[in-house]
Amino acid sequence: MNPFDASSRVNYFVIPEFIGQGLLCALCLLTGHWIMFLLTLPLACYHANLFMKRQHLLDVTEVFRVLKAEKKFRIVKLAFYLSVLIITIFRLVLLLVYYFDLEDE
């Protein structure tokens with residue numbers, strides 16, 4: 001794969017990821033889930049910092065030089081997003097169990 005294709009494939013998902021992270025953080029803030037908000041806030045601030053410095057896109061000339069670091073960073077972010085998803089699903093199931101337990105009584 002040439003550097004232009006590699007960087008364009010990665011850069012295609014950067015802005016939607018930043019928007020999704022910002023919306024998730026804002027949603028947690030507006031709904032009063034303070035722990036989830038505080039959990040997602042550092043990554044949202046990091047994304048905002050990268051966007052303000054204009055360092056959020058992968059450079060075509062440096063794509064293969066920073067490949068290992070970018071790969072590790074994206075795996076860590078994937079693990080973070082998976083943990084947030086698991087916590088959210090667990091809390092939803094807990095809420096449903098609690099709701100149906102109250103209905104029985």
Side-chain angles (χ1 to χ4, degrees):
M1 181 182 301
N2 65 21
F4 179 76
D5 287 339
S7 62
S8 66
R9 285 185 182 183
V10 171
N11 290 339
Y12 179 75
F13 293 105
V14 169
I15 298 297
E17 177 191 0
F18 284 14
I19 292 170
Q21 176 65 31
L23 288 175
L24 175 69
C25 192
L27 183 69
C28 289
L29 176 66
L30 295 175
T31 57
H33 294 99
W34 305 113
I35 294 174
M36 290 296 288
F37 169 70
L38 292 175
L39 187 66
T40 58
L41 184 64
L43 188 59
C45 290
Y46 177 71
H47 285 166
N49 189 18
L50 280 180
F51 189 77
M52 294 297 176
K53 289 181 178 179
R54 299 197 183 269
Q55 295 176 350
H56 60 287
L57 297 177
L58 193 59
D59 190 17
V60 176
T61 59
E62 297 180 358
V63 68
F64 292 118
R65 188 174 63 85
V66 296
L67 187 63
K68 283 188 178 184
E70 282 290 324
K71 187 176 179 180
K72 287 179 186 177
F73 181 67
R74 296 199 186 274
I75 287 174
V76 169
K77 281 198 329 189
L78 178 65
F80 172 76
Y81 287 138
L82 281 173
S83 66
V84 168
L85 179 69
I86 289 171
I87 291 170
T88 304
I89 291 173
F90 177 74
R91 292 187 67 191
L92 180 65
V93 169
L94 194 64
L95 179 73
L96 289 173
V97 167
Y98 181 71
Y99 176 74
F100 286 127
D101 188 39
L102 284 178
E103 251 183 28
D104 292 339
E105 291 177 2

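Position 1 is the first residue of the sequence; numbering continues from there. Since the structure is predicted, the reported quantities are computational estimates derived from the model, not experimental observations.
Tracing side-chain contacts under 4.5 Å through hydrophobic residues (I, L, V, M, F, W, Y), one reaches F64 starting from V66; they form part of the same cluster. L38 and V84 are assigned to two separate hydrophobic clusters, defined by single-linkage of ILVMFWY side chains at heavy-atom distances under 4.5 Å. Cluster annotation: L24 and L41 are assigned to distinct hydrophobic clusters (Ile/Leu/Val/Met/Phe/Trp/Tyr, side-chain heavy-atom contacts under 4.5 Å, transitive).
At most 12 heavy atoms of other shown residues, nucleotides or ligands fall within 6.0 angstrom of atom CZ in F4. The 12-atom threshold is not exceeded at CD1 of I35, counting heavy atoms of other residues, nucleotides or ligands nearer than 6.0 Å.
Atoms CZ and CZ, on F13 and R74 in that order, are 10.5 Å from each other to the nearest 0.5 Å. Of the inter-residue distances, the one linking I15 atom CD1 with H47 atom NE2 reads 10.5 Å to the nearest 0.5 angstrom. For the atom pair C25 SG and L30 CG, the distance stands at 9.5 Å (nearest 0.5 Å). Expressed to the nearest 0.5 Å, how far CD of E62 lies from CD of E70 amounts to 10.0 Å. Distance CG/L94 to CD1/I87: 13.0 Å, rounded to 0.5 Å.
With sequence neighbours excluded, no residue forms a salt bridge (charged side-chain N to carboxylate O under 4.0 Å, His left out) with R91.
Nearest heavy atom pair, residue A6 against residue V63, reads CB-CG2, 4.1 Å. Closest approach of L43 and Y81 over heavy atoms only: CD2-OH, 3.6 Å. Nearest heavy-atom pair across T61 and D59 is OG1-OD2, 2.7 Å. What you find for T40 and F80 is that their closest heavy atoms are CA-CZ, 4.0 Å. The two residues N11 and L58 make their nearest non-hydrogen contact at OD1-N, 2.7 Å.
The aromatic rings of F51 and F18 sit perpendicular to each other, their planes meeting at more than 60°, with 30° as the lower class boundary.
By the 4.5 Å heavy-atom criterion applied to side chains, L29 and W34 are counted as neighbours.
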